[in-house]
Amino acid sequence: MPDSNAAAWPWVRSRLSALRPSARPGTVRPGSGAAVRTAVVTDSAAALPAAYLAGLAHDGILTVVPMPVMVGAEIYGEGEDDILETIAVALASGTGVKTSRPSPGQFEQAYRAAEQRGFEAVVSVHISGELSGTADAARLAAARVAIPVDVVDTETVGMAEGMAVQAAVEAAAAGAGCADVAAAARAQAARTRVFFYVPSLEQLRRGGRIGAAASLVGTMLAIKPILAVDGGRIVPLERVRSAARAVARLEEIVAAEAVPRPGESVRLAVHHFGNQTEADGLAARLAVALPDCPPAQISSLPAVLAAHAGLGVLAVIVGRGTGGGNLST
């Protein structure tokens, strides 16, 4: 499903327009005095908006490696037209849905392609190593190539990871070297929080993302959990007795977290799976509660995350930056 609020982030387009390199990577941009030396690679769990990716399509600075999803005996890659519908039907019918990390060979191919395009180094920004072996696959690939690769475990997921990727891209577009690009990604990841509600913990339990005991308690007591990502892991934040109260409490938690502090900017992303109307309503209420915050960007979860969260999930990402709407400094 396409992003329903691609216009929510005008600063992304304006910053990258000003920083965008000339057509060939490695060349000096007019007036910048610096070359684009570092490429950025990530995985599809970053949930980057389609409009954002389209704006970088000709720059060669960013590569997104798709994460595979297995539905029954079939293997799908992120971006295939019907994958989210296929997952939804499979979950509703009890068909097995599993995910896997990309292969080291996929990352090796991306790193070699960056080297061939003239980049001097790669920063590879990935989903939490506590939730996926993706960063490990990237490290294996990094050992096989001549170009230097700095693998960043963001210890987060979804657009929290995506915001770290965007910070890395902006730093790279400004001519930063590998160390500074990686530092920008790590700093942004550390300033970003993930809060979410799932109607059932069963899919997270099946995928090993939350303990069986927590899942059993939630099922037996009909508890609707509010969860967060902390230290790279999914952790319970609060237990609520009804779905309506859980969504209301999620809204309260985000509204309190997203109040801008002096000298800071805040932006939001809302993810959903099979419940866009509910996500739209949540985003609208957050816009009223947080008038100084840009409208949230709303999108479906990437397939690799939807497979674990299950239908009806609502996730909100709160990203902080320093001044002027720029989240990568």
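Any value given below was found using the heavy atoms of this structure, including those in side chains, with hydrogens, waters and symmetry copies removed.
Under a hydrophobic clustering in which Ile, Leu, Val, Met, Phe, Trp and Tyr are joined whenever their side-chain heavy atoms come within less than 4.5 Å, directly or via other members, Leu282 and Val259 fall into the same cluster. Taken together through direct or relayed side-chain contacts under 4.5 Å among Ile, Leu, Val, Met, Phe, Trp and Tyr, Leu311 and Leu84 form part of one hydrophobic cluster.
The shortest heavy-atom contact between Gln166 and Pro49 is NE2-CD, 4.3 Å. Considering every non-hydrogen atom in both Leu301 and Ala309, the closest pair reads CD1-CB, 3.9 Å. Nearest heavy-atom pair, Ala296 versus Ala283, reported as atom, atom and distance to 0.1 Å: CB-CB, 4.3 Å. Scanning both residues, Pro104 and Ala141, for their nearest heavy atoms gives O-CB, 3.2 Å. Between Phe196 and Ala228, the shortest heavy-atom contact is CE2-N, 4.2 Å.
The pair Arg245-Glu252 meets the salt-bridge criterion, with a side-chain N (NZ, NE, NH1 or NH2) lying under 4.0 Å from an Asp/Glu carboxylate O. Using a 4.0 Å cut-off between charged side-chain N and carboxylate O, Asp150 and Arg139 make no salt bridge.
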Can you list the steps and then say if Arg261 with Arg320 is a side chain to side chain contact (heavy atoms under 4.5 Å, CB included)? CA-CA 9 Å; Arg261 299 164 187 154; Arg320 292 187 176 275; 3.5 Å; yes
Quick one: do Ile298 and His272 satisfy side chain to side chain contact (heavy atoms under 4.5 Å, CB included)? Show the steps, please. CA-CA 8 Å; Ile298 307 168; His272 60 88; 3.9 Å; yes
Run the side chain to side chain contact (heavy atoms under 4.5 Å, CB included) test on Thr63 and Val40 for me, step by step, so that the C-alpha distance in whole Å, both residues' side-chain angles and the decisive distance to 0.1 Å come before the verdict. CA-CA 6 Å; Thr63 299; Val40 179; over 6 Å; no
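Checking Ser300 against His271 by side-chain atom types alone, no donor-acceptor pair falls below 3.5 Å.
Judged purely by atom type and a 3.5 angstrom limit, Ser124 has no side-chain atom pairing as donor or acceptor with the backbone of Val151.
Considering Leu268, Thr192, Val229 as possible partners of Ile317, the one that fulfils the side chain to side chain contact (heavy atoms under 4.5 Å, CB included) test is Thr192.
Annotation: Glu238, atom CD; neighbour count of heavy atoms from other residues, nucleotides and ligands within 6.0 Å is above 12. Other residues, nucleotides and ligands contribute at most 12 non-hydrogen atoms within 6.0 Å of the CZ atom of Arg233.
No side-chain heavy atom of Phe119 sits under 4.5 Å from any side-chain heavy atom of Thr38.
Two rings, from His126 and Phe107, have their centers less than 6.0 Å apart.
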